[in-house]
Visitor: 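I'd like to ask some things about the structure below.
For this chain, numbers begin at 1 and follow the sequence in order.
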Amino acid sequence: MSDFDLQGDSAELVAYKLMTEVRELEWRFSESGPPYNRKELMDLYAECLESVKGNRKVKP
């Protein structure tokens, strides 16, 4: 990800920060190398945004 300073607490910014943290952790501990392509990263962001807004549906 780019190194730039984002400030604020909008749902979109919180979701972005959450996405980068999840991506970093999963990448760091991945056995098979970088786990994300563009679609997967966008899906992760969408899931984080839904979660931040309280709309995430958890699969049973």
Side-chain angles (χ1 to χ4, degrees):
M1 290 286 160
S2 299
D3 263 347
F4 48 89
D5 186 28
L6 298 174
Q7 296 181 352
D9 61 357
S10 70
E12 292 79 9
L13 186 56
V14 172
Y16 176 80
K17 290 178 179 179
L18 177 60
M19 177 197 69
T20 59
E21 291 298 317
V22 170
R23 178 184 162 271
E24 177 65 29
L25 285 172
E26 288 182 350
W27 197 327
R28 184 179 303 158
F29 297 106
S30 172
E31 297 289 324
S32 60
Y36 294 108
N37 61 37
R38 181 183 295 234
K39 181 190 178 317
E40 292 166 335
L41 191 61
M42 295 303 294
D43 288 346
L44 176 60
Y45 173 77
E47 182 180 347
C48 290
L49 185 57
E50 286 181 17
S51 181
V52 166
K53 290 183 173 184
N55 299 325
R56 183 170 182 257
K57 306 280 190 290
V58 179
K59 296 178 183 177

Visitor: Around Asp9, counting heavy atoms of other residues, nucleotides and ligands shown, do more than 12 lie under 6.0 Å from its CG?
Guide: no

Visitor: Please identify each residue that fulfils side chain to side chain contact (heavy atoms under 4.5 Å, CB included) with Glu12, with sequence neighbours left out.
Guide: Ser10, Tyr45, Leu49, Lys53

Visitor: Check for me, please, whether Met42 and Leu13 land in the same ILVMFWY cluster - side-chain distances under 4.5 Å, paths through other members count.
Guide: no

Visitor: Sequence neighbours excluded, which residues qualify as salt bridge (Lys or Arg N to Asp or Glu O under 4.0 Å) partners of Lys17?
Guide: none

Visitor: Which pair of heavy atoms, one from Cys48 and one from Ala15, lies closest together, and at what distance?
Guide: CB-O, 3.6 Å

Visitor: With sequence neighbours excluded, what pairs up with Glu21 under the side chain to side chain donor-acceptor pair (under 3.5 Å) test?
Guide: none

